[in-house]
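Just so you know, these numbers use all the heavy atoms, side chains as well, and skip hydrogens, waters and symmetry mates. Residue numbers start from 1 in every chain, and the chains themselves are labelled A, B, ... in the order their sequence lines are given, proteins ahead of strands.
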Amino acid sequence: MSSPAKSEPPVMEKIVSLCKRRGFIYQSSEIYGGINGFWDYGPLGAELKRNLRESWWRAMTREREDVVGLDATIIMHPAIWKASGHVDTFADPMVDCLVTNKRLRADQIEPQSGMVYRFTGAAGADGASSSTAFSALAPAGKPRESALKTAKAFYAARGLKDPEPIGGETGEKVENSTAYNPENGAELTEPRMFNLMLKTHTGPVESEENIAYLRPETAQAIFAQYKNVVDSSRVKMPFGICQIGKAFRNEINPRNFTFRSREFEQMELEFFIKPDEAIEIISGKVAAWSESADLSEPQDDWGWEMWHRYWVAQRTAFYESIGLGKVIHYYWQSKEELAHYARACVDILCEFPFGTEELEGIAARGDFDLSQHQKHCGKPLEYFDEELKTAAAKLGDEEKEALIQRRIAAEQAKEKGALSEAEVRAWFERLFKGFYLPHVIEPSAGLDRMALAVIAKAFDQYEKTDGKGKPETITVLRLHPSIAPVKVGVFPLLKNKPELVAKAREVFGLLKGRLNAFYDEAGAIGRRYARQDEIGTPFCVTIDFETLGEQGPELADTVTVRERDGGAQTRVKTAGLAGWLLSRL
RNA sequence: GCGGGUGUAGUUCAAUGGCAGAACACGAGCUUCCCAAGCUUGAUACGAGGGUUCGAUUCCCUUCACCCGCUCCA
């Protein structure tokens with residue numbers, strides 16, 4: 001299996017072209033010129049996506065006893081996004097440097113002190129001039145020339161040749177200003193808000209009061225309905241709630257085909273676990289993770305770290321099952337990169353033609369989300385753990401105090417987000433009674449990215465000379481059979497022989513209800529194979545004269561099954577054909 | 001959001017200030033005993049809006065989309 005060379009940039013273009021030509025992915029609203037950041041799935045893309053979505057759902061819920069599903073609305077109470085932090089963190093004030101056009105976050109600019117020089121314009125060496133005002137800061141200790149140099153760059157960027165700025169003979173002293181770029185002292189634009197959440201209004205009147213957001217992630221719905229699920233579905237800790245659905249982000253710059261788009265589909269699991277302290281009280285210890293740890297079956301003494309590693313292993317197995325095993329990579333976020341509430345986060349990356357990019361993030365988020373919602377909605381979201389209450393009742397005061405002291409020490413060692421001693425004691429008081437907010441492991445995957453990843457991985461082209469010695473390029477989509485949009489093509493060897501056609505229609509009828517089959521009689525047999533290769537169909541069956549019994553009774557009612565990869569042909573009885581194929585998907 | 005590039009048929013590409021062409025793909029017919037064969041035949045395009053001009057797909061402006069680099073990516 002050859003993969004396209006990295007140094008060949010048109011690979012992505014070839015994939016985009018194939019996606020459109022064969023009906024996988026189209027530009028949204030294309031007849032009106034398209035709309036930036038939105039993509040539609042055509043007939044084959046819809047099947048592919050459905051297959052991916054269903055394999056995820058099957059692996060996450062149906063094949064497990066400890067995960068249930070949820071299907072929540074896209075528009076939810078705006079307070080959810082307040083509690084989650086999205087209203088604040090999704091609206092970053094941004095400024096642009098007037099010289100380099102670099103965009104910076106206004107709240108992250110280091111305050112500068114020094115002298116500001118104001119220029120009213122500039123004259124160019126060729127007689128042209130500019131009357132655009134500009135100011136630059138010479139940091140404390142730097143001469144006026146430093147500001148002058150920046151001003152020259154500013155006017156030069158606006159088309160003036162060798163510009164001589166006008167004005168700015170004397171400077172004004174400023175202290176701790178964030179209006180200038182720390183890198184070069186250039187004036188910055190006024191801060192502008194960039195809100196990454198898409199907004200709408202509920203009800204007939206558009207007003208501030210009825211603003212609603214299209215969800216920027218599906219996860220928050222799970223937290224918001226966590227209590228209902230606990231109360232209604234008899235789940236016991238640990239357990240998970242998963243959801244597949246659309247999410248929306250007003251990306252400033254959508255890029256790379258469907259990889260970063262404004263409307264996309266997420267597949268998220270929130271797996272709720274007992275806090276490590278509860279595990280220790282119940283089991284006497286918390287299992288320590290090591291490279292050789294057995295992650296195959298969950299154990300009672302697993303803390304967050306084992307559970308996190310377990311889900312990384314589970315998700316890895318999933319990617320292997322859809323044929324991405326060889327192209328995924330891991331990136332473990334460093335302590336500095338982690339959000340303050342997160343304990344660990346690993347990105348599962350995949351090799352795309354445009355680089356190795358994130359497919360899924362698996363975060364250990366502690367109890368941050370539920371505690372935020374508990375605080376904002378004012379309703380207790382604690383889980384009552386009878387087993388924990390019983391175990392805690394057997395602890396002596398000294399043992400309890402040892403646990404508390406250990407936690408206090410751990411909190412004091414934190415650089416940010418540490419709990420006070422009083423908060424720790426209050427938390428343990430609830431814990432010893434059997435109450436806690438569960439911690440959460442969150443594997444969060446992007447369905448559209450996954451679809452793009454499997455297409456990119458499967459895309460294969462090779463050169464071949466045809467019967468006339470003419471070279472041609474053959475395209476094959478080597479999709480894993482389990483996700484291929486069409487599972488089997490059914491062809492009569494010749495379409496002008498009614499017996500063959502009738503038999504082929506009969507075989508097609510046997511298959512179509514059980515797997516996605518495609519009937520084709522147009523063109524030479526080789527062309528029909530090629531058409532199926534290009535859309536990733538793993539099997540083709542051909543009805544020939546042997547099927548009709550013309551070559552002897554032993555071959556009657558057998559068909560040729562041709563495999564996409566390798567082209568191997570096998571004769572299979574029509575009676576067992578559906579089973580034969582299904583066992584190979 | 002900034003800078004650069006590109007928009008012609010389903011795809012990949014031509015040509016042109018005066019009737020827009022090819023290859024492949026697609027449809028129909030013939031032919032063909034297994035990997036894009038051949039013959040006949042058919043349908044299909046100048047991203048959108050404005051300007052200049054007797055006349056614009058072509059020149060100019062605006063806009064939209066796509067690609068590359070920067071930026072952004074809770």
Side-chain angles (χ1 to χ4, degrees), chain A residues 9-10 12-14 16-23 26-39 42 81 84-92 94-105 157 189 192 194-197 216-217 219-220 247 249-257 259-262 339 341-342 354 357-358 361 363 444 446 464-470 472-476 489 491-497 500 522-534 540-548 550-551 559-564 566-569:
Chain A
M12 200 55 212
E13 283 168 41
K14 286 182 191 167
V16 173
S17 162
L18 174 73
C19 282
K20 178 171 186 194
R21 192 156 41 84
R22 303 317 302 252
Y26 313 124
Q27 205 177 358
S28 169
S29 322
E30 197 187 296
I31 58 168
Y32 287 100
I35 175 165
N36 191 321
F38 296 89
W39 300 91
W81 307 112
S84 69
H86 285 85
V87 170
D88 298 325
T89 57
F90 259 56
D92 294 333
M94 305 293 290
V95 294
D96 294 332
C97 171
L98 288 173
V99 170
T100 60
N101 283 320
K102 271 200 179 176
R103 173 157 298 158
L104 309 161
R105 268 182 63 169
T189 58
R192 281 176 295 178
F194 282 82
N195 198 321
L196 263 53
M197 278 197 291
E217 61 170 40
Q220 292 306 319
R249 287 179 201 183
N250 206 1
E251 294 287 352
I252 293 166
N253 194 357
R255 274 291 164 90
N256 290 330
F257 200 28
F259 184 81
R260 173 165 296 120
S261 52
R262 292 191 165 123
Y341 49 79
F354 46 81
E357 298 279 357
E358 183 181 348
S444 165
K464 197 186 106 169
T465 34
D466 64 12
K468 293 227 173 333
K470 209 171 54 181
E472 56 184 350
T473 302
I474 305 292
T475 303
V476 186
F491 318 138
L493 183 57
L494 301 172
K495 82 165 163 180
N496 58 355
K497 297 284 181 287
L500 285 177
I525 192 77
R527 172 179 300 270
R528 281 178 268 165
Y529 286 145
R531 277 198 280 247
Q532 294 305 313
D533 283 351
E534 210 177 30
C540 290
V541 310
T542 299
I543 284 72
D544 52 23
F545 293 99
E546 281 88 336
T547 316
L548 301 177
E550 292 188 5
Q551 307 298 317
V559 293
T560 304
V561 181
R562 176 261 194 187
E563 290 179 40
R564 177 194 67 203
Q569 299 202 345

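- Both Tyr341(A) and Phe545(A) sit near RNA chain B, but only Phe545(A) has its closest nucleotide nearer the 5' end.
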Distances under 3.5 Å between nitrogen or oxygen atoms of protein and nucleotides 42-47 of chain B:
none

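- Residue Lys20(A) is classed as a sugar-phosphate contact, given heavy-atom separations below 4.0 Å to backbone atoms only.
- For the side-chain contact (heavy atoms from CB on, under 4.5 Å) test, residues two or more places apart in sequence or in another chain that qualify with Ile35(A) are Ser28(A), Ser29(A), Phe38(A).
- Contacts of Glu534(A) classified as salt bridge (Lys or Arg N to Asp or Glu O under 4.0 Å), with partners at least two apart in sequence or in another chain: Arg21(A), Arg22(A).
- Atom CG of Leu196(A) is separated from atom C1' of U71(B) by 13 Å (rounded to the nearest Å).
- Counting only Watson-Crick and G-U wobble pairs whose two distances sit under 3.5 Å, RNA chain B takes part in these stems of three or more pairs: B:1-7 with B:64-70, B:10-13 with B:21-24, B:26-30 with B:38-42, B:47-51 with B:59-63.
- Residues passing the side-chain contact (heavy atoms from CB on, under 4.5 Å) test with Ser444(A) are Gln266(A), Glu268(A), Glu442(A), sequence neighbours excluded.
- Applying the salt bridge (Lys or Arg N to Asp or Glu O under 4.0 Å) test to Lys20(A) and every residue at least two apart in sequence or in another chain returns Glu30(A).
- Among the nucleotides C67(B), C34(B), G27(B), the one closest to any side-chain atom of Leu493(A) is C34(B).
- Shown here for Ile543(A) and Leu500(A), the closest heavy-atom pair between the two residues is O-CD2, 3.5 Å.
- Comparing C70(B), G27(B), G10(B) by their nearest atom to the side chain of Arg21(A) picks out G10(B).
- Residue side chain Asp544(A) reaches the base of C34(B) through a donor-acceptor N/O pair under 3.5 Å, judged by distance alone.
- Residues passing the salt bridge (Lys or Arg N to Asp or Glu O under 4.0 Å) test with Arg562(A), sequence neighbours excluded: Asp533(A).
- If you take CD of Glu563(A) and C1' of C34(B), they are 15 Å apart, rounded to a whole angstrom.
- The side-chain contact (heavy atoms from CB on, under 4.5 Å) test applied to Glu251(A) returns Arg249(A), Pro254(A), Arg260(A), Arg262(A), not counting sequence neighbours.
- Considering only residues two or more places apart in sequence or on other chains, Phe259(A) meets the ring-ring contact (aromatic ring centres under 6.0 Å, His included) condition with Phe352(A), Phe354(A).
- Residues Cys19(A) and Tyr26(A) have side chains not in contact (no heavy-atom distance under 4.5 Å, counting atoms from C-beta outward).
- For a distance-only test at 3.5 Å, the side chain of Arg562(A) qualifies as a donor-acceptor partner of the base of C35(B).
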